[in-house]
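Everything on this sheet refers to the single structure shown next.
Residue numbering restarts at 1 for every chain, and letters A, B, ... go by the order of the sequence lines.
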Amino acid sequence: MSNNKSNTSGGFMDKLNNLTDTNLLLTITIVVFFLMYIAAMIFQGGAFLKGQSFLNILNSNSTLIILACGLSLVMITGGIDISVGGVTALISMCCAVYLDLKGGNIFVSILVALAIGLAFGAVQGFLVAYLDIQPFIITLAGMFFARGMTTIVHSEPFNVAHEAFNELKNTRIIVPGLGSVNRRGDYIDAYVEIGVIVAIIVVILMFCMFRWTKLGRSFYAVGGNQQSALMLGINVKRTRFLSHLICGLLAGIGGYVYFLHVGSGSPSHATAMEMDAIASSIIGGTMLTGGVGNIIGTFFGVLSLGTIQAIVASAGLGEAWWTGITRAAMLCLFLVIQSLIMARKKKA
Amino acid sequence: MEKNVKKSDDSIVMRIVRNQMFIPLLALAVLFIFNLIADPSFFKIMATTNNAGNSVLTGNPITILDMGSELAILAIGMTLVTSASGGQDISVGAAVAIAGSVILRVLRGGSTVPVIFAFLLGCVVAALFGAFNGVLVAYFKIQPMIATLILYTAGRSIAAWINNNELPVIIDPKFTYYGGTIPGVPIPTPFFIAVICIIIIGLVLKFTNLRLYTQAVGVNENSSRLNGLNPAFIKVLSFVILGLCVAVVGLIKVSRLSTINYSVVAKDIEMDAILAVALGGNALSGGKFNMASSILGAYVIQFLTTTLYAFKVEAAALPAYKAVVVIVLVVISAPTVRDWFSSLSKKLKVKEVA
C-alpha cells in the first residue's frame with residue numbers, strides 16, 4: 001500500500017518515500033508490540049490482564065524511554081551516541097554522593113545531572129560535528145570515560161539516605177480507572193512514578209519538535225543527505241552539534257530519572273543501557289542510515305523490549321540469558337527488515 | 001640552494017613522522033621514559049617458582065608480553081575487518097566467551113577428548129559467528145558496529161547457555177599450558193601462540209592477495225567490484241579470520257583460569273583491540289592497513305594498562321584513562337585537525353622565509 005502511494009506522487013518523491021518508510025516501520029513496530037502483549041495476555045494470563053502490570057513496564061523503563069528519544073534524535077541526524085548508559089551511571093553516582101555524603105539539596109542535584117549530561121553532549125557534539133570524527137569512536141570513548149569516572153567518584157555501591165529525596169522517590173501518581181481489586185476485595189489504585197510523567201513529557205516535546213519546528217525538520221534533512229541539506233541552506237555542522245547536545249541533555253534528564261527510580265549510586269548501574277536504547281530506537285523504526293525515524297515508534301520500541309522482559313520474568317524462565325537472546329533476536333529481525341526496505345527502495 | 005637543502009631536510013623528518021610505525025613507537029617511547037623516571041623497578045624481571053613447581057619469569061615486562069599477546073592476536077583480525085568494512089567488530093569480547101564456553105563444554109567432566117579437537121570446534125563455532133556478523137555487514141549492508149551489536153548483546157548469554165550456566169572446571173594440569181607456562185620454558189605460552197599467529201598472517205599476507213584485495217575493497221567497494229573482486233565475500237572472509245583469532249584468544253582465556261566467568265571474561269577487550277588498530281595509525285574508516293603497526297599498537301596498549309596498574313589505578317577506573325588516550329589519538333588524526341596543523345606550519349614557514 002505504501003508502495004503505491006509513493007509511486008503516484010511526483011515531485012516530493014524522495015520525501016514521501018522516506019515518510020512512507022517511517023510509517024511502514026512504525027506500523028510494523030506497533031503491530032508487533034500489540035501482538036506480543038495480546039499473546040502474553042492469552043498465554044500468561046493473570047498478571048498481564050491487570051492495568052498495573054502495564055504501568056510497571058513504564059515505571060521500570062522510564063529512563064530507557066528518555067534515553068531512546070535522545071538516541072533516535074542522533075540516529076535520525078545520521079550519527080550515534082553510545083555514551084548514554086555510562087553517563088546515566090555517572091549522574092546517579094554524582095547525585096548520590098552529593099545528596100548522601102555532602103547533604104546537598106534536590107534542586108542543585110538536578111542541576112548537577114543536567115550539567116553533566118550537557119557537558120558530555122557538548123564535547124562529543126563538538127568533536128563529531130566540527131572535527132568530523134566518527135561518532136561511534138568518540139562516544140565509545142565517552143562511554144568508557146563516564147564508566148571510569150563513576151568508579152573514580154566513588155567505587156562502592158550505596159543507597160541514598162536523604163529524607164526529601166526519598167519522599168520524592170516514593171511519590172506515586174495514581175492513574176484513575178486502571179486499578180484492580182485484590183483477593184480480599186479491596187480496590188488498589190494503579191500508579192506511576194514521577195519518572196514516567198517526565199518521560200511522557202519528553203516524548204510529547206520531542207514529537208512536537210520533529211513535527212512542527214524548523215530545527216526538527218532540519219535533523220531529518222541532515223540525516224537524509226548532508227550535501228542536499230547544505231544546499232538547502234541548513235547549517236549542517238550546527239545541526240549535528242545540536243543533535244548531540246540535545247541527546248546529552250536527555251541523557252542528563254534520563255540519568256536523574258534513573259537515579260530517582262533506583263535511589264542509589266553504583267558503578268554497575270545502567271549496564272548496557274545504551275545498547276537497549278539503540279535497540280529500542282531500531283525496533284521503533286529509526287534507520288541507522290539516518291533521515292528516517294519516529295519518536296512514537298521509539299516509545300513503542302521501548303515498550304516491546306519491556307514486554308519481552310516482563311514475559312521472560314513471568315514465564316519463570318529464571319535463566320537470565322533468555323532476555324539477552326530474545327532481545328538480540330528481535331534486534332536482528334528489525335535490522336534485516338530495514339535492510340530489505342532499503343534494498344527495495346534502491347530497486348524502485 | 002638553501003631552499004633545496006631545507007626541502008630534503010624537511011622530507012626526512014616528514015618521512016619519519018609520516019611512517020605509520022611512528023605513532024605506536026612514539027607512544028612506546030613516552031611510556032618507557034615515563035616509567036623509567038617514575039619508578040625504574042617497573043622493569044625488574046624475577047625468576048620465581050610457580051604453583052606447579054616450574055621456574056618462570058615474572059615482572060611487569062613479562063606481564064605485558066603475556067597479556068599483550070591476546071590483544072595482538074585480536075588486533076590481527078580487527079585490522080582486517082577495519083580495513084575491509086570500514087567499521088569495527090564490537091562483539092569480540094562476547095565471542096571470546098562463546099569460544100571459551102565451547103572449548104570447556106567439550107573438555108568438561110574429565111573427558112578424554114584431546115584439547116586440539118575442542119579448540120578446532122571452538123574455531124568452527126567462532127568462525128560461524130564471525131560469518132554471521134560478516135553476512136549482516138556484507139549482504140544486508142548494516143553498519144559493522146551495529147551489526148555486531150547483536151552478538152554483543154546476545155554473546156555472553158549464548159556462552160552461558162552453551163554450558164547450561166554451569167562453570168565447568170578442567171582439572172588436567174596440561175590444559176593450563178596454553179594460557180600459563182610449559183614446564184621448562186620460563187616465558188608464558190601466549191607469547192609463543194601470538195608469534196605463531198603473527199608468522200601465519202605474515203605468510204598469508206606475503207603469498208596471497210589477501211592484503212591487496214582487502215585494501216581494494218576498503219578503499220573503494222564499487223571499483224573493486226568493477227575490477228572483478230567480490231567485495232561481499234572479502235568482507236565475510238575478514239570477519240571469519242577475526243573469528244579464528246577470537247577462538248585462539250578464547251583458548252588462552254579459559255586455559256588461564258581452567259574455567260570461565262561468562263560476564264567477566266574478556267570484558268572490554270573490544271575497546272582495547274580497536275584502540276590497538278587506531279594506535280597503529282590505521283584509518284578506522286577502512287582502506288590501507290599496516291599489520292605490524294597494529295600488533296605493536298596492541299603491546300603498547302597493554303604497556304599502558306600495566307603502567308596504570310603499577311600506579312595502583314583501580315581496574316574499573318582504567319577505561320577513563322584509556323578513553324582520554326583514544327580521544328587524543330582520534331583528535332590528532334582527524335583530517336580537520338591535520339589540515340589546521342599543516343596550514344599552521346605553512347604560515348610559520350612563510351614567516352621564516354620572510
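- Checked options A:Thr298, A:Thr286, A:Leu71; the residue passing with A:Ile76 is A:Thr286 (criterion: side-chain contact (heavy atoms from CB on, under 4.5 Å)).
- Chosen from B:Leu318, B:Leu275, B:Ile146, the residue pairing most often with chain A at heavy-atom distances under 4.5 Å is B:Ile146.
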Residue pair A:Arg327, A:Met275: steps toward the side chain to side chain contact (heavy atoms under 4.5 Å, CB included) verdict: CA-CA 10 Å; A:Arg327 282 180 171 198; A:Met275 301 304 167; over 6 Å; no

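- In terms of non-hydrogen atom pairs under 4.5 Å with chain A, the most contact-rich of B:Ala323, B:Gly155, B:Ala159 is B:Ala323.
- Using a 4.5 Å cut-off between heavy atoms, B:Leu151 makes no contact with chain A at all.
- Atom CD1 of A:Ile116 sits about 11.5 Å away from atom CE of A:Met93, to the nearest 0.5 Å.
- Heavy-atom distances place no part of A:Ile82 under 4.5 Å from chain B, backbone and side chain included.
- For B:Tyr321, the part sitting under 4.5 Å from any heavy atom of chain A is the side chain, from C-beta outward, and nothing else.
- Here the straight-line distance linking atom NZ of B:Lys141 with atom OG of A:Ser339 works out to 8.5 Å at 0.5 Å rounding.
- Side-chain contact of B:Ser91 with B:Asn133: a donor-acceptor pair under 3.5 Å is present, judged by distance alone.
- Within residues 124-139 of chain A, the residues that have a heavy atom under 4.5 Å from a heavy atom of chain B are A:Leu127, A:Tyr130, A:Leu131, A:Asp132, A:Ile133, A:Gln134, A:Phe136, A:Ile137, A:Ile138, listed by number.
- Residues B:Asn282 and B:Ser83 have side chains that never bring a donor and an acceptor to within less than 3.5 angstrom of each other.
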Trace of the side chain to side chain contact (heavy atoms under 4.5 Å, CB included) decision for A:Phe158 with A:Val97: CA-CA 9 Å; A:Phe158 69 101; A:Val97 167; 4.0 Å; yes

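- In this model, no donor atom of one side chain and acceptor atom of the other lie less than 3.5 Å apart for A:His244 and A:Thr77.
- Residue with the most contacts toward chain A among B:Met271, B:Lys322, B:Gln143: B:Met271 (heavy-atom pairs, distance under 4.5 Å).
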Chi angles and distances behind the side chain to side chain contact (heavy atoms under 4.5 Å, CB included) call for A:Asn294, A:Thr29: CA-CA 11 Å; A:Asn294 191 311; A:Thr29 309; over 6 Å; no

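- Ranked by non-hydrogen atom pairs under 4.5 Å with chain A, the options B:Leu136, B:Val324, B:Ile274, B:Asp268 are led by B:Asp268.
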